[in-house]
Amino acid sequence: MESEKNKSNKTQFGFSIHWEGLYFNVEGDKKIRKAFFSKEPFFSYKTSALTEKIEKYFKGEKVNFKLKFDLELPRFTKKVLEKVLEIPYGKTRNYGEIAEELQTSPRAIGQALAKNPIVVLIPCHRVISKSGIGGYSYGVRIKKALLRLEGVDIF
DNA sequence: TCCGCCGACTCGT
DNA sequence: ACGAGTCGGCGGA
């Protein structure tokens, strides 16, 4: 039996886009629930304006996604991700700066970003370390590629 | 002086 | 306890 306790959150859209040898996948219903990279495409269908925006983004066009997210996460983690949404396209901040604004430690920021369920659209790749590039859930190679895509050439 | 390594410190999960 | 970090200190180039 399929459980009905899924809050009736049926996926209403989902699509995969090939980029840098990986697939970037987005899924959600009214709001975006997940965005992640994978080796194989996760969805076979595409939809709507969002798809086009994301395709433009990966072609290197400057796009800011003004989007609604569906985040069920601890308060602190959400606060960090919301802060990260304020970082404009092509700009970076470091963990320490954000930590200072939220009166916490850089380590806690990194830990929160590691849980970002909506990568790229919530641009955690724009948060780098003071002395270098810092980490990334899908590998530093992808983080660098994203930054380069946005015109950040410091790596 | 300029790195690179190391230990200490930090704080939400 | 464990990190997608940072700072200060020390030794070698």
Side-chain angles (χ1 to χ4, degrees), chain A residues 3 5-7 9 11 14-29 31-43 50-51 53-155:
Chain A
S3 87
K5 60 189 173 184
N6 284 351
K7 300 176 202 149
N9 267 346
T11 294
F15 54 87
S16 303
I17 294 176
H18 194 41
W19 181 72
E20 283 285 326
L22 292 177
Y23 289 86
F24 178 66
N25 316 280
V26 184
E27 79 165 297
D29 39 73
K31 297 175 181 172
I32 296 170
R33 238 197 328 275
K34 266 186 186 177
F36 57 99
F37 286 101
S38 61
K39 243 185 144 158
E40 300 297 325
F42 224 82
F43 304 103
L50 178 56
T51 320
K53 266 194 170 179
I54 291 175
E55 279 171 345
K56 280 185 182 176
Y57 176 81
F58 283 118
K59 279 181 202 154
E61 291 183 44
K62 177 172 178 175
V63 176
N64 23 2
F65 310 100
K66 295 167 188 167
L67 301 167
K68 297 286 184 183
F69 303 108
D70 186 7
L71 301 177
E72 297 193 11
L73 294 166
R75 284 186 301 285
F76 176 80
T77 307
K78 247 193 279 190
K79 220 194 299 182
V80 174
L81 294 178
E82 279 161 15
K83 208 71 183 169
V84 165
L85 277 171
E86 296 171 10
I87 307 174
Y89 183 97
K91 303 273 177 137
T92 62
R93 326 244 355 238
N94 60 55
Y95 300 93
E97 289 169 340
I98 296 180
E100 202 173 343
E101 288 179 36
L102 298 181
Q103 315 214 56
T104 181
S105 78
R107 230 63 222 237
I109 301 297
Q111 197 180 223
L113 295 189
K115 295 192 197 97
N116 182 4
I118 303 178
V119 296
V120 179
L121 306 182
I122 298 179
C124 61
H125 58 279
R126 294 179 194 149
V127 186
I128 62 182
S129 113
K130 194 168 185 186
S131 55
I133 192 169
Y136 198 67
S137 352
Y138 297 98
V140 169
R141 182 185 77 84
I142 291 297
K143 186 172 187 175
K144 281 184 188 166
L146 287 168
L147 288 173
R148 209 167 307 137
L149 184 70
E150 297 190 10
V152 179
D153 270 337
I154 50 182
F155 297 109

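Lettering follows sequence order; numbering is per chain, from 1.
The aromatic rings of H125(A) and Y136(A) sit perpendicular to each other, their planes meeting at more than 60°, with 30° as the lower class boundary. By the 30° and 60° cut-offs, the orientation of the rings of F58(A) relative to F37(A) is perpendicular.
Between the P atom of dG12(B) and the CD1 atom of I109(A) lies a distance of 9 Å, rounded to the nearest Å. Separating the CD atom of E97(A) from the C1' atom of dG5(C) is a distance of 13 Å, rounded to the nearest angstrom. Per the geometry, CG belonging to L81(A) stands 15 Å off P belonging to dG12(B), to the nearest Å. Distance NZ (K115(A)) to C1' (dG3(C)): 10 Å, rounded to an integer number of Å. To the nearest angstrom, C1' of dA4(C) lies 14 Å from CG of L146(A).
The side-chain heavy atoms of Y89(A) and R126(A), taken from C-beta on, include a pair separated by under 4.5 Å.
Shown here are the side-chain contact (heavy atoms from CB on, under 4.5 Å) partners of K130(A), two or more places apart in sequence or in another chain: N94(A).
The pairing partner recorded for dG5(C) is dC9(B), the criterion being a Watson-Crick or G-U wobble arrangement whose two distances lie under 3.5 angstrom.
We find that E20(A) and R148(A) are not joined by a salt bridge, their nearest charged nitrogen and carboxylate oxygen being 4.0 Å or further apart.
Under a 3.5 Å cut-off, the side chain of S16(A) and the backbone N or O of F43(A) do form a donor-acceptor pair. Under the 3.5 Å distance criterion, the side-chain polar atoms of K143(A) are matched with a main-chain donor or acceptor of V127(A).
Atom OG1 of residue T77(A) and atom CG of residue L71(A) lie 10.0 Å apart, to the nearest 0.5 angstrom.
Listed in residue order, the members of residues 123-144 of chain A having a heavy atom less than 4.0 Å from DNA chain C are C124(A), S129(A), K130(A), G135(A), Y136(A), S137(A).
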Strictly under 3.5 Å: I want the nitrogen or oxygen pairs between protein and nucleotides 6-11 of chain B, one per line.
unit_1: dC11(B); atom_1: O4'; unit_2: S105(A); atom_2: OG; d: 3.1

